[in-house]
Amino acid sequence: MQDIDVSGKTALADREHGRRIDDLIDARHNPWADIIIVTNLDRLTRESEDGMTLIRRMIPTGRRNPVRLLSLDDHIDLTTAMGRFFARLRVLLGEFERELIGERTGNTLKHKRRTGQVYAREPYGWDHDGDGHLIENEAEQRVLDQMREWRAEGVNDNAIATRLNDQGILGKRGGRWQANTVYRILKNADEIGAASS
């Protein structure tokens, strides 16, 4: 079984093959499987609660013959105290690593946004200058100014999106406006504008 392009942070119950693993662990639903092999424990789960529950269910108790877990890279053996300790530690470290990557990525994107550097596709109101920096797009800046004016008048983001659509003003990639797009674009524009002033 492979959950291709599914993050380890996604709970097993929310993954197509995660539900099958749950059934494999439950001896009542599984008379034929005796081992689950994973490349690495954090490929199975990077969510600590999910991982701890999985480990607890797979610990041999003598009352039943559970499905064994074989993690090729981690060499985990749930039949020993040290193996169970390491499995729990590995689950916690996997979640920590996932959160750390998220924080670093978020901080890098914020820094690039605040310093006017290209960090993804160019945001509405700006274009790339070819050297990795953002330059203002005059036409889109006028639209941003109009959106700010409407907001100052008390117009909500949904109504702003409707006005833009009614005027035939397209988004950066030609799409129609939505309230969440208006919110995100104005937030990004304010962050970039504050950084450049």
Side-chain angles (χ1 to χ4, degrees), residues 1-22 24-25 36-58 69-76 78 83-129 131-135 140 144 147 151 157-158 161 171-173 175 177-197:
M1 293 180 278
Q2 289 182 328
D3 279 328
I4 297 172
D5 294 330
V6 177
S7 170
K9 74 178 180 179
T10 305
L12 284 173
D14 297 333
R15 291 155 55 180
E16 178 186 353
H17 295 301
R19 291 183 293 277
R20 291 180 63 196
I21 288 172
D22 192 52
L24 288 174
I25 295 169
I36 294 175
I37 302 171
V38 294
T39 306
N40 189 303
L41 190 56
D42 66 11
R43 296 293 87 209
L44 185 59
T45 181
R46 282 192 168 196
E47 199 282 311
S48 63
E49 186 175 335
D50 209 28
M52 293 300 181
T53 300
L54 178 73
I55 291 165
R56 190 170 28 260
R57 291 180 62 210
M58 296 184 82
L69 173 67
L70 174 60
S71 177
L72 299 175
D73 292 346
D74 299 322
H75 307 288
I76 291 175
L78 296 179
R84 292 187 294 273
F85 169 75
F86 185 70
R88 291 178 182 120
L89 182 62
R90 191 67 186 96
V91 166
L92 292 173
L93 288 173
E95 182 176 63
F96 169 70
E97 181 181 29
R98 174 181 55 86
E99 291 175 355
L100 197 58
I101 290 168
E103 282 180 11
R104 287 179 179 157
T105 302
N107 289 338
T108 299
L109 292 176
K110 283 179 190 174
H111 171 75
K112 286 184 173 235
R113 190 179 304 131
R114 288 186 182 125
T115 58
Q117 297 177 49
V118 175
Y119 54 90
R121 293 189 227 168
E122 67 274 359
Y124 192 86
W126 285 266
D127 292 319
H128 293 164
D129 69 355
D131 290 326
H133 291 86
L134 297 173
I135 55 172
E140 291 176 0
L144 287 171
M147 292 164 70
R151 241 202 201 162
D157 292 345
N158 192 46
K172 187 79 168 176
R173 287 164 231 343
W177 293 88
Q178 304 291 328
N180 62 337
T181 309
V182 169
Y183 172 82
R184 187 182 69 252
I185 284 174
L186 285 175
K187 182 176 182 222
N188 286 344
D190 291 343
E191 288 178 7
I192 295 168
S196 60
S197 24

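The model shown is predicted, which means the values in this text are computed figures rather than measured ones.
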Response to the item:
In this structure, CG of Leu93 is separated from CZ of Arg88 (nearest 0.5 Å) by 14.0 Å
Worksheet item: CG/Asp73 to CG/Leu41 distance, rounded to the nearest 0.5 angstrom?
Response: 10.5 Å
Identify, with sequence neighbours excluded, every residue that meets side-chain contact (heavy atoms from CB on, under 4.5 Å) alongside [X].
X      : answer
Glu49  : Glu47
Thr181 : Trp177, Gln178, Arg184, Ile185
Ser48  : Val91, Leu92, Glu95
Tyr183 : Arg151, Asp157, Lys187

Discussion item. I'd like to check the side-chain hydrogen bond (donor to acceptor under 3.5 Å, both in side chains) partners of Ser71; sequence neighbours left out, ordered by chain and number.
Written reply: Asp74
Do you know the tightest heavy-atom contact between [X] and [Y]?
X      : Y      : value
Ala161 : Ala179 : CB-N, 3.9 Å
Glu140 : Trp126 : OE1-N, 3.7 Å
Leu144 : Gly125 : CD1-CA, 3.8 Å

Worksheet item: Is the side chain of Lys110 donor-acceptor paired with the backbone N or O of Thr105 at a distance under 3.5 Å, no angle test?
Response: no
Discussion item. For the backbone of Asp127 and the side chain of Glu122, can you confirm whether one donor and one acceptor N or O come within less than 3.5 Å of each other?
Written reply: no
Worksheet item: So does Arg173 have more than 12 non-hydrogen atoms from other groups sitting under 6.0 Å from CZ?
Response: yes
Worksheet item: ring-ring contact (aromatic ring centres under 6.0 Å, His included) with Phe86: which residues, sequence neighbours excluded?
Response: none
Worksheet item: Is the shortest heavy-atom distance from the side chain of Leu109 to the side chain of Asn107 under 4.5 Å?
Response: no
Discussion item. A side-chain contact here means heavy atoms from C-beta on lying under 4.5 Å apart; do Asn40 and Leu72 qualify?
Written reply: no
